[in-house]
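Heads up: the structure comes next, in structure tokens.
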Amino acid sequence: MNYEYTSEGIRINKSEDFNAKQILECGQIFRYTVENDGFNIYSTNKTCRLICKKHHDIICTNNPKEFVHFFDLNRDYGEIKQSLMGYPNMKNIISHGSGIRILNQNPIEMIISFIISANNNIPRIQTIIEKLCFECGDQVNDYYAFPEIKVLNSKGELFYRAIGAGYRAKYLVNTVDALANGFSLDLQGMNISSARKHLMKLMGVGRKVADCILLFAYHRTEVFPTDTWIIKYYDDLFGATNISVTKKADILSEYYGKLSGYAQQYIFYYMRSGYKFINKN
DNA sequence: CACCAGGTCTCTC
DNA sequence: GAGAGACATGGT
């Protein structure tokens, strides 16, 4: 990715491989706001302002190095997209969201966020997380940080219900307690199935949520998070069958290999934009 | 009213 | 290990 540090911030020259709107709207991040000239983006207790100009974007932040990693700027997405083009229908799908990148986010924030995401819709997920930060997070200038796990662990099920988590409140209480008491988040050296199994010990973390955590916090791109949108895609591509969602996820991740996570994001964005998938080779 | 949204848990066989 | 139901909440 072509970028440089300037006095204004991280300057990103206009490129097919970076589109702020697509990066933020492809469902991987829940904490951002839309402004006239761009976006405000929040991750753990950090923030940046992404200003979109005609010929370039500027990332304004006090933590430039962290946000270079956050936006995955040192990876060649052109190469990734080139490889994916070889798959059926991917040309259309990728061209619709060609500026998507997979962010490198915080494991705890991803775990909590995606437990809330289960059987829920994106606007409501955002509202719940926003309330969580407002109620439990440290105030930093004009926003609230993602809460410390200790603070979250001081809250009970009633609190999580009050912010709208519904029946997931119990899962949150249970998982936050595990995280506050030394549950390991170090997945280094673990193969994908061990890493997934480990995360799934947390209450509220099933196959799909585990795969989101692996992809968005650990950049394990060999997973293919399979939700209701992806199932629609799968059924169109391979034909609707009675096999389980888990099995479909296995087949998809086998099919796309190490590019699964990237493929999944392009497809998710495409499907959710209201495009009907048409299976034509 | 039913169905859906980035599913998971529990119970049963 | 696979297959039903239940589950909070808000939108269409």
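What you see is a predicted model, and the numbers here were worked out from it, not measured in a lab. Here is the naming used below: chain letters follow the sequence lines, and residue numbers restart at 1 for every chain.
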- Value for CZ (F159(A)) from NZ (K131(A)), rounded to nearest 0.5 Å, stands at 10.5 Å

- Query: Do the rings of F18(A) and F71(A) sit parallel, tilted or perpendicular, given the 30° and 60° boundaries?
  - Reply: tilted

- Query: What is the distance, rounded to the nearest whole Å, between atom CG of L202(A) and atom P of dG7(B)?
  - Reply: 18 Å

- Query: What integer distance in Å separates N120(A):CG from dT8(B):P?
  - Reply: 13 Å

- Out of dA8(C), dA5(B), dT8(B), whichever nucleotide has its closest atom nearest the side chain of K232(A): dA5(B)

- Message: Need one value for V245(A): base, sugar-phosphate or nothing, where a base atom within 4.0 Å counts as base even if backbone is also close, heavy atoms only.
- Response: nothing

- Message: Roughly how many Å apart are dA6(C) and dC1(B), using the P atom of each and rounding to a whole number?
- Response: 16 Å

- Kindly say if T228(A) contacts the phosphate of dA5(B), meaning a side-chain N or O under 4.0 Å from OP1 or OP2. yes

- Charged N-O contact under 4.0 Å between R31(A) and E109(A): yes

- Item | Integer angstrom distance from the P of dA2(B) to that of dG5(C) | 16 Å

- Note on the structure: DNA chain B nearest-nucleotide lookup for I125(A) and V205(A): closer to the 5′ end is I125(A)

- Note on the structure: note: L158(A), atom CG; dA8(C), atom P; distance rounded to Å ~ 13 Å

- Check every strand shown and say whether Q126(A) touches a base, only sugar-phosphate, or nothing at a heavy-atom separation below 4.0 Å. nothing

- Using a cut-off of 4.0 Å on non-hydrogen atoms, how would the nucleic acid contact of Y269(A) be classed: base, sugar-phosphate, or nothing? nothing

- Message: Regarding dG7(B), can its base be found pairing with the side chain of Y171(A) as donor and acceptor, where the two atoms are less than 3.5 Å apart?
- Response: no

- Between D17(A) and R101(A), is there a side-chain N and carboxylate O pair less than 4.0 Å apart? no

- Over 12 foreign heavy atoms within 6.0 Å of CD, E148(A): no

- Task: Look at R124(A) and dG11(C) and indicate whether a side-chain polar atom (N or O) is within less than 4.0 Å of OP1 or OP2.
- Result: no

- Query: Can a salt bridge be assigned to the pair K232(A) and D236(A) using a cut-off of 4.0 Å between side-chain N and carboxylate O?
  - Reply: no

- Task: Output yes when at least one side-chain N/O atom of K201(A) is less than 4.0 Å from OP1 or OP2 of dC9(B), else no.
- Result: no

- Note on the structure: Rounded to whole Å, the CG-C1' distance (N119(A) to dT9(C)) equals 10 Å

- Item | Whole angstrom value for the distance that separates P of dA5(B) from OH of Y167(A) | 13 Å

- Query: Tell me: CD1 of I231(A) to P of dT8(B), nearest whole Å?
  - Reply: 10 Å

- Message: Can you identify which nucleotide, out of dA8(C), dC9(B), dA5(B), has its nearest atom closest to the M203(A) side chain?
- Response: dC9(B)

- Message: Assuming nearest nucleotide by heavy-atom distance, tell me which of Q265(A) and G204(A) is located more 5' along DNA chain B.
- Response: Q265(A)

- Using atom CZ of R272(A) as one end and atom C1' of dC4(B) as the other, report the distance to the nearest whole Å. 13 Å

- Message: Tell me the interatomic distance from I116(A), atom CD1, to dT8(B), atom P, rounded to whole angstroms.
- Response: 14 Å

- Kindly point out which of dG7(B), dA8(C), dA5(B) is positioned nearest to the side chain of N121(A)? dA5(B)

- Which is true for R207(A) with a 4.0 Å heavy-atom rule: it touches a base, it touches only sugar-phosphate, or it touches nothing? sugar-phosphate

- Pick the P atom in dG10(C) and in dT8(B), then give their distance to the nearest Å. 22 Å

